[in-house]
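Below is one structure; the comments refer to it alone.
Since the model is a prediction, treat every value here as computed from it, not as a measurement.
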Amino acid sequence: MTATDLGPQELRILVAVADEGAFSAAAARLGATQSAVSHAVRGIERKLGVVLFERGRFGARPTPAGERAVAHARRVLRMLRALAADVRGADTGEIAGPLRIAAFRSAALHLLPPALARLSERHPGIEVTVTVVRELGAGTAGEVAAGRADLGIATLSGPPPAGLVGGELLKEPYSLAHPAGHPDPRTLPLVDWAENCGSYTRAWWAAQDWIPAATVTAEDDGAVLSMVGSGLGMAVMPALALTGAPPAVGITDLGPERPYRSVGYVTTPELATTTAVRALIRTLRSLGGASPERTKPQLRAV
């Protein structure tokens, strides 16, 4: 027997063991016995010819091969659900079913809500879940690659990772955020956060002799705004992060040489063809990155 002999229930078992971290917990989730789950995993490992889980007192931990197998299992199971939803809607034209989105914080706060409101008006049968993911390491694209999300709102600094497809939604410029009314904000200490200043701004950042090393590093962009508004320093921030900034925060244009951050979507080639994902992408493009009036002039839709 080979991997082509794997059935949906075996894929569900792989996902359950990886999610729960133990055969016993996976069995409880699936309504099966622990011995049945253990037997099924051993059978899957024989079919694939690799060990998928390390067993020990810690439970069950996916091996590198197991992580790949679980990612494929999640994606196959998701496509089976998408198949059912798309087929049911073929006669009625209705778009329905689950839609899992991973987004970084400012996109989840300011880019997604108007898009999801419009999507809900047009297609009330779509069941959306949004997970906020830090744009560090694998980021939102990693959630899609692992099969935990159908579409990721991501910061783009080149082609999508291998195995994924995507496109740009908008370019957002960076601006200087500082305490409102400060006479010379460039002299203030720098407040920053780990997700800021990726590869898309690094060269510009290094060329600015007026930007010091950060004296305060916050957990996220919301904390940065709070600190800047409290007079603790300045920050160089992208437009989405500045949407709805409090009155205590002043925003100054960095001029014609200011850096931009590209924001787009990533998904898998197979999910890109499904009706729910296509409907979300169309909605995001139709809005063109719309945002509240305070930062609207800083966003350029593409």
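- Scanning both residues, Ala96 and Ala85, for their nearest heavy atoms gives O-CB, 3.4 Å.
- Under the side chain to side chain donor-acceptor pair (under 3.5 Å) criterion, Glu94 pairs with no residue, sequence neighbours left out.
- Remark: Asp19 CG to Arg12 CZ distance equals 13.5 Å, nearest 0.5 Å.
- Here the closest non-hydrogen pair linking Ala149 and Ala102 is CB-CB, 3.8 Å.
- Of all heavy-atom pairs spanning Ala241 and Glu172, the tightest one is N-OE1, 4.5 Å.
- The heavy-atom pair separating Pro160 from Val165 by the smallest distance is CG-C, 3.9 Å.
- Arg42 has its side chain out of reach of Lys47: every pair of non-hydrogen atoms, C-beta onward, lies at least 4.5 Å apart.
- At most 12 non-hydrogen atoms from other residues, nucleotides or ligands lie less than 6.0 angstrom from CZ of Arg68.
- Within the 4.5 Å cutoff, the side chain of Thr63 has no heavy atoms near those of the Phe53 side chain.
- In plain terms, the two heavy atoms of Leu280 and Leu119 that are nearest each other are N-CD1, 4.0 Å.
- Evaluated for a side-chain hydrogen bond (donor to acceptor under 3.5 Å, both in side chains) with Arg78, the options Thr268, Thr274, Asp150 yield exactly one hit, Asp150.
- Nearest heavy atoms, Arg75 versus Val144: CD-O, 4.3 Å.
- Contact check on Glu45 versus Arg55 returns a salt bridge, with a Lys/Arg side-chain nitrogen under 4.0 Å from an Asp/Glu carboxylate oxygen.
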